[in-house]
Amino acid sequence: MKKLRPMQESRIKNIIIIILTAVIIIETISFSAVGLTKKHDTSTESGSINLNISLDGIGSEVSTAVSSFINSFSQNGISPDAIAGLVKNVVYSDMIVNTIMSLAYPLLFNVLTDLGMMDFATNIDLYPTGPLYASKISGSSYTCCDKDGVRKPLTDVLNNVGSDWTYMDTEVSWTDTDGTVKTTTLWNSIKWGVTDKDSFYKAMSDMSEGLRGVLEICIQSKSRVVNINVVDFILHTDALPINLDAATIYNASEKSGYETCLVTLFNTLGLTDGEYPAASEVCAYTEISDIWKAILEPVLFAVEKAASDPVNKLTSMLINFASAIETGKLRESMRSLRMDGEFHALASAVMGFENGEIYNLGNSLIEIIGDMGIDISGSFNNLLDGLLKLISKSDTADMPDMDMNALFACGSATTLSNGNTYYVADSVKTVDFLIEYIVNEKIIESIINITELKGTEEAAIIVSAIGKSKEDLIIIAETLVNVLLEKLSELSV
C-alpha cells in the first residue's frame with residue numbers, strides 16, 4: 001500500500017477524533033441520564049425489583065443539541081469550547097433532573113416494597129411515595145402538568161400520584177413557554193427552572209430530598225439507625241412508648257462507594273488524583289447538591305480535557321475505558337454502591353430480617369444500563385455490539401471483534417495511588433490501530449447493511465474503495481462519519 005502524505009494522515013486522524021468525540025458526547029449524556037428513550041423492565045439480584053419506566057419523548061433536547069453541534073462542526077470545525085458547551089447544555093437542564101427522578105423514585109418505591117421495609121423508609125431518610133416526597137419540597141415553586149393537561153404546583157401532582165408512580169407515565173399535550181406544543185409524559189413536563197450550573201444543582205438537590213438516605217449510605221458510606229415503637233409496629237397502637245433500635249443500615253464495602261465506584265469511573269475518563277474531590281472531602285458533605293457536584297463535575301472536566309487535547313486524551317480515555325470494561329473493574333466497583341443491614345434480634349424474629357446486604361444499587365444500575373443495550377458485563381467487544389445496535393436501532397447489528405491485547409499495547413500502564421491501573425496512550429499507535437480496525441471489509445459491510453446506504457450508489461463507492469490503497473480510507477471514513485453523525489443525532493429521537 002502507498003504511504004500516506006502528512007496532510008492525508010492529518011485528515012484521517014481528524015476523522016478518527018471526530019468519531020471518538022461524538023461517541024464520548026453520547027456516552028457522557030447516556031451515563032448521566034442512565035438511558036434516554038428506552039422502556040426499562042429490569043430484575044435485580046437483590047430483591048428482584050421489576051421496573052417499567054417510560055422515558056419516551058425525553059430525547060428532543062439531546063437531539064437538538066447534538067444536531068446543533070454537528071451543524072457547527074460542518075461549518076466551523078471542532079471547537080473545544082463547543083464540545084464542552086454541548087455537554088454542559090445537555091447536563092445542566094430540566095431534562096437530566098427529570099430523567100434521574102423518573103428512574104429513582106419508582107425504583108426506590110419498588111425496592112422498599114419488595115424488601116418489606118416501607119415502614120422503615122422515613123427512618124432512613126427515604127420518601128418513596130408522591131405525598132411523602134411532596135412533604136419534603138413543600139412551598140417550592142416547581143410546576144408540572146397533571147393528567148388534565150393543566151400545569152399545577154409539582155406538590156399537587158405528587159399528592160395525586162399517591163403510591164402509584166405509573167401515574168407520571170401518563171402522556172399529555174401542553175404548551176411550552178416558547179409557544180411550542182409538546183406531548184410528553186408527566187415526568188418530562190416538570191419545570192425546575194434550570195438555566196445554568198447553580199440552578200441545576202439547586203434543582204438536583206431538591207429533586208433528591210426523598211433520596212438522601214440512598215446517596216449518603218451508598219456513596220458516602222454513612223449509616224442510619226432505625227428506631228421504632230415496637231408496640232405500635234406490632235399492634236398498631238402507640239399506647240405504650242416502647243422504643244427499640246431495630247436496625248442499623250450501612251454500607252459494608254471496605255471503602256466508600258464514592259472512592260470505589262466514582263473514582264474508578266473518573267480514572268477511566270482520564271482523570272487522576274487532584275482532578276476530582278478527595279474521598280474524605282466528599283464523605284463529609286452534608287448538602288445533597290455537593291454530592292451531585294462531586295459526581296458530575298469531574299465528568300464534565302474530563303470532557304473539557306478531552307476537547308482541549310483530543311488526540312492524546314481521547315485515545316487514552318478509550319484504552320482506560322476498554323480496560324475497565326474488559327477486566328470487570330467498572331462493574332465490580334459499581335457493586336460497592338450497596339446497603340447492608342444489621343438487625344436487632346427481636347426485629348429479626350418478628351419481621352424476618354437477616355443481617356447482611358439488603359440492596360445493591362450498583363446491580364440495579366448495571367441492569368438498567370444493560371436493558372438499554374449497553375453491556376458492561378466484562379467484554380468490550382460486547383459493549384461495541386450493544387452500541388452499534390443502539391445507534392443503528394437494529395437487533396442484528398454485529399461488530400467484528402477488536403483485538404484487545406493489541407489495543408492495550410498502544411498505551412503504557414501505570415498504577416495510581418488508589419491501586420487503579422491507568423493507561424497513557426501512544427496516540428499515533430492508537431489512531432493507527434483504530435484505522436486498521438475500521439478499514440475492515442466485514443466492519444464496513446456490517447455498518448452499511450444496517451443503514452439506508454444498503455444497496456445504494458454510496459455503498460458501492462465505499463465497497464469498491466476497500467483494498468485499493470490506504471489513501472482511499474479518506475473516502476471511506478468521510479462517508480461513514482457522515483452516516484455515524486446522522487445516526488448519533490437520531491439516537492434520542
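Worth saying up front: this structure is predicted, and the values here are computed from it rather than measured.
Qualifying side chain to side chain donor-acceptor pair (under 3.5 Å) partners for Asn405, counting only residues two or more places apart in sequence or in other chains: none.
Between Phe321 atom CZ and Lys329 atom NZ the span is 15.0 Å, to the nearest 0.5 Å. The distance from atom OG of Ser253 to atom CG of Asp340, rounded to the nearest 0.5 Å, is 7.0 Å. Rounded to the nearest 0.5 angstrom, Glu332 CD and Ile366 CD1 are separated by 7.5 Å. Distance check, rounded to the nearest 0.5 Å: OG1 of Thr415 to CG of Asn420 gives 9.0 Å. For the atom pair OG (Ser336) and CD (Glu254), the distance works out to 11.0 Å, reported to the nearest 0.5 Å. We find the CE-CG distance between Met101 and Leu154 to be 5.5 Å, quoted to the nearest 0.5 Å.
For Leu271 against Tyr422, the heavy-atom pair with the smallest separation is O-CE1, 4.2 Å. Residues Lys222 and Tyr285 share a closest heavy-atom pair of NZ-O, 2.8 Å. When all heavy atoms are compared, the tightest approach of Asp375 to Leu383 is O-CB, 3.4 Å. Lys255 and Ser221 make their closest contact through O-OG, 4.0 Å (heavy atoms, listed as atom of the first residue, atom of the second, distance). Scanning both residues, Met339 and Cys218, for their nearest heavy atoms gives CG-SG, 3.6 Å. Between Pro106 and Trp187, the closest heavy-atom pair is CG-CZ2, 3.8 Å.
Glu326 contributes a side-chain N or O that, together with a main-chain N or O of Phe380, makes up a donor-acceptor pair within less than 3.5 Å. Panel note: side chain Gln220, backbone Val282; a donor-acceptor pair is recorded below 3.5 Å. Glu209 places no side-chain N or O within 3.5 Å of a backbone atom of Ile137 that could act as its donor or acceptor partner. The backbone N or O of Ile217 sits nowhere less than 3.5 Å from a side-chain atom of Arg224 that would complete a donor-acceptor pair. A donor-acceptor pair under 3.5 Å is formed between the side chain of Ser316 and the backbone N or O of Ala425. With hydrogens and angles disregarded, a donor-acceptor distance shorter than 3.5 Å links the side chain of Thr129 to the backbone of Leu132. Not one N or O on the side chain of Tyr133 forms a donor-acceptor pair closer than 3.5 Å with the backbone of Leu211. Listed for the Tyr258 side chain is a donor-acceptor partner under 3.5 Å among the backbone atoms of Pro277.
Between Asp156 and Asp146, the closest side-chain pair of non-hydrogen atoms is not below 4.5 Å. Residues Thr315 and Tyr423 fail the side-chain proximity criterion, which asks for heavy atoms closer than 4.5 Å. Ile376 is listed as a side-chain neighbour of Met334, based on a closest heavy-atom distance under 4.5 Å. The closest side-chain heavy-atom distance from Leu269 to Lys305 is not below 4.5 Å. Inter-residue side-chain proximity for Thr185 and Met168 is flagged as unmet; no heavy-atom pair is nearer than 4.5 Å. Proximity of Ile249 to Ile358: side-chain heavy atoms (C-beta onward) are separated by under 4.5 Å at one or more points. Counting only heavy atoms from C-beta outward, the side chains of Ile295 and Ile219 approach each other to under 4.5 Å. Within the 4.5 Å cutoff, side-chain heavy atoms of Phe200 are placed close to those of Leu296.
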Test log, rule side chain to side chain contact (heavy atoms under 4.5 Å, CB included), inputs Ile190 and Val157: CA-CA 10 Å; Ile190 301 175; Val157 180; over 6 Å; no

From CA spacing to verdict: side chain to side chain contact (heavy atoms under 4.5 Å, CB included), Ser140, Asp206: CA-CA 9 Å; Ser140 66; Asp206 289 343; 5.6 Å; no

Test side chain to side chain contact (heavy atoms under 4.5 Å, CB included) applied to Trp292 and Ile100, step by step: CA-CA 12 Å; Trp292 280 114; Ile100 295 176; 4.1 Å; yes

Derivation of the side chain to side chain contact (heavy atoms under 4.5 Å, CB included) call for Phe343 and Thr248: CA-CA 7 Å; Phe343 298 93; Thr248 298; over 6 Å; no

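Between Asp198 and Lys202 there is no salt bridge, since no side-chain nitrogen of the basic residue lies less than 4.0 Å from a carboxylate oxygen of the acidic one. Contact check on Lys191 versus Asp176 returns a salt bridge, with a Lys/Arg side-chain nitrogen under 4.0 Å from an Asp/Glu carboxylate oxygen. Look at Glu297 and Lys293 and you find no salt bridge, because none of the NZ, NE, NH1 or NH2 atoms lies under 4.0 Å from a carboxylate O.
When only modelled atom types and interatomic distance are considered, Asn381 and Ser379 share no side-chain donor-acceptor pair under 3.5 Å. Between the side chains of Ser333 and Thr260, no donor-acceptor pair of N or O atoms lies under 3.5 Å. For the residue pair Trp174 / Thr184, a side-chain donor-acceptor distance below 3.5 Å is found, with atom types taken as modelled. With hydrogens and angles left out, the side-chain atoms of Ser323 and Asn320 include no donor and acceptor closer than 3.5 Å. Between the side chains of Thr113 and Asn110, not a single donor N or O lies within less than 3.5 Å of an accepting N or O.
Of the candidates Thr143, Asn98, Asp94, Trp192 forms a side chain to side chain donor-acceptor pair (under 3.5 Å) with just one, namely Asn98.
Note on ring orientation: taking the six-membered ring where Trp is involved, the planes of Tyr92 and Tyr201 are perpendicular (angle over 60°, cut-offs 30° and 60°). Using the six-membered ring where Trp is involved, Tyr105 and Trp165 have ring planes that are tilted, between 30° and 60° apart.
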